[in-house]
Amino acid sequence: MDNDTKDDFIKLVDSTIGYLRERKKEGMNFVDSAASSGNNPAPPVQKCVLRKADLFESCVSDSEISEADNLDALKSAVDKCRKCSLGNLRKNAVFGEGNPEAGLMFIGEAPGSEEDLRGRPFVGRAGQLLTDIITKGMGLRREDVFIANILKCRPPENRNPLPEEIICCEPYLLKQIEFIKPKVICALGNFAAQTLLKTREGITKIRGRFFDYRGIKLMPTFHPAYLLRNYSRKNREYVWEDVKKILDEI
Ligand code: URA
């Protein structure tokens with residue numbers, strides 16, 4: 001790996017994190033979806049249960065999902081979705097955005113409060129860092145890639161997604177991937193990597209190498225929110241190594 005580029009990448013992540021910290025001190029109210037752990041204790045979790053009625057709606061909606069024959073139709077199904085209780089709690093569903101023919105797809109965990117408000121993925125603090133990694137680090141435009149999440153609705157208080165929520169939401173993601181047909185998927189963080197790869201292995205163990213996901217190369221790497229919380233040169237180096245491998249592939 002070229003050391004200058006690696007150092008540039010580290011500096012870039014450094015300066016974005018510095019910037020985000022300064023803005024936070026000034027009171028800018030960014031909230032990360034995956035940042036509820038760490039030093040700040042998570043607020044009480046709002047219970048989310050799957051009712052019988054949810055399961056019934058889920059059957060109805062599943063046929064709509066399979067009938068959707070393009071991304072727009074799929075987005076309409078997501079916008080109407082009430083398959084689990086998150087559908088009743090959200091302000092906006094966050095379908096994902098980007099190039100419908102992208103060679104590279106980033107998949108995160110779930111929308112946070114900023115994303116819920118704006119109906120767009122990765123637009124909070126973690127999103128700013130992801131955007132910088134894509135644009136300044138990888139030299140791509142955000143609109144060249146496709147950015148989505150495992151869950152399309154925000155879990156209350158940014159708690160971890162529940163298994164039943166994943167079961168409800170996964171068909172949307174599978175269809176998105178089927179339509180977009182990316183060459184490479186970058187799974188951001190433990191949650192996305194474990195859900196897609198159906199593994200219990202932690203991100204520290206599995207990051208940095210390609211896995212086969214339904215015939216697509218999948219690279220797990222650290223979630224930008226994790227980088228914000230675990231601010232070390234080593235972690236930034238790891239992410240650089242991972243995105244470098246992705247760039248070599250696309
Ligand atoms: N974190 C995620 O995993 N997804 C988002 O869209 C925003 C933050």
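Any value given below was found using the heavy atoms of this structure, including those in side chains, with hydrogens, waters and symmetry copies removed. Because the structure is a prediction, the values reported are computed rather than measured. Count residues from 1 along the sequence. Counting starts at 1 for both ligands and their atoms, in listed order.
- Between R236 and Y231, some side-chain heavy-atom pair lies under the 4.5 Å cut-off.
- Between K217 and E249 a salt bridge is recorded (basic side-chain N to carboxylate O distance below 4.0 Å).
- Numbered from 1 in the order shown, with element, the atoms of ligand 1 that lie under 4.0 Å from a heavy atom of G108 read 3 (O).
- Within the structure, the closest approach of A110 to ligand 1 falls below 4.0 Å when heavy atoms are considered.
- Side-chain atoms of T131 and R142 form a donor-acceptor pair, as typed in the model, at a separation below 3.5 Å.
- Between the side chains of N92 and R118, not a single donor N or O lies within less than 3.5 Å of an accepting N or O.
- Here's the thing with F122: one of its N/O atoms is less than 3.5 angstrom from an N/O atom of ligand 1.
- Residue contact annotation: H223 has a non-hydrogen atom under 4.0 Å from ligand 1.
- Considering backbone and side-chain N/O atoms, E115 never comes within less than 3.5 Å of an N/O atom of ligand 1.
- Taking the centre and axis of the six-membered ring of Y238, the NZ or CZ atom of K234 falls inside the cone set by 45° and 6.0 Å.
- Proximity to P121 (heavy-atom distance under 4.0 Å) selects the following atoms of ligand 1: 6 (O).
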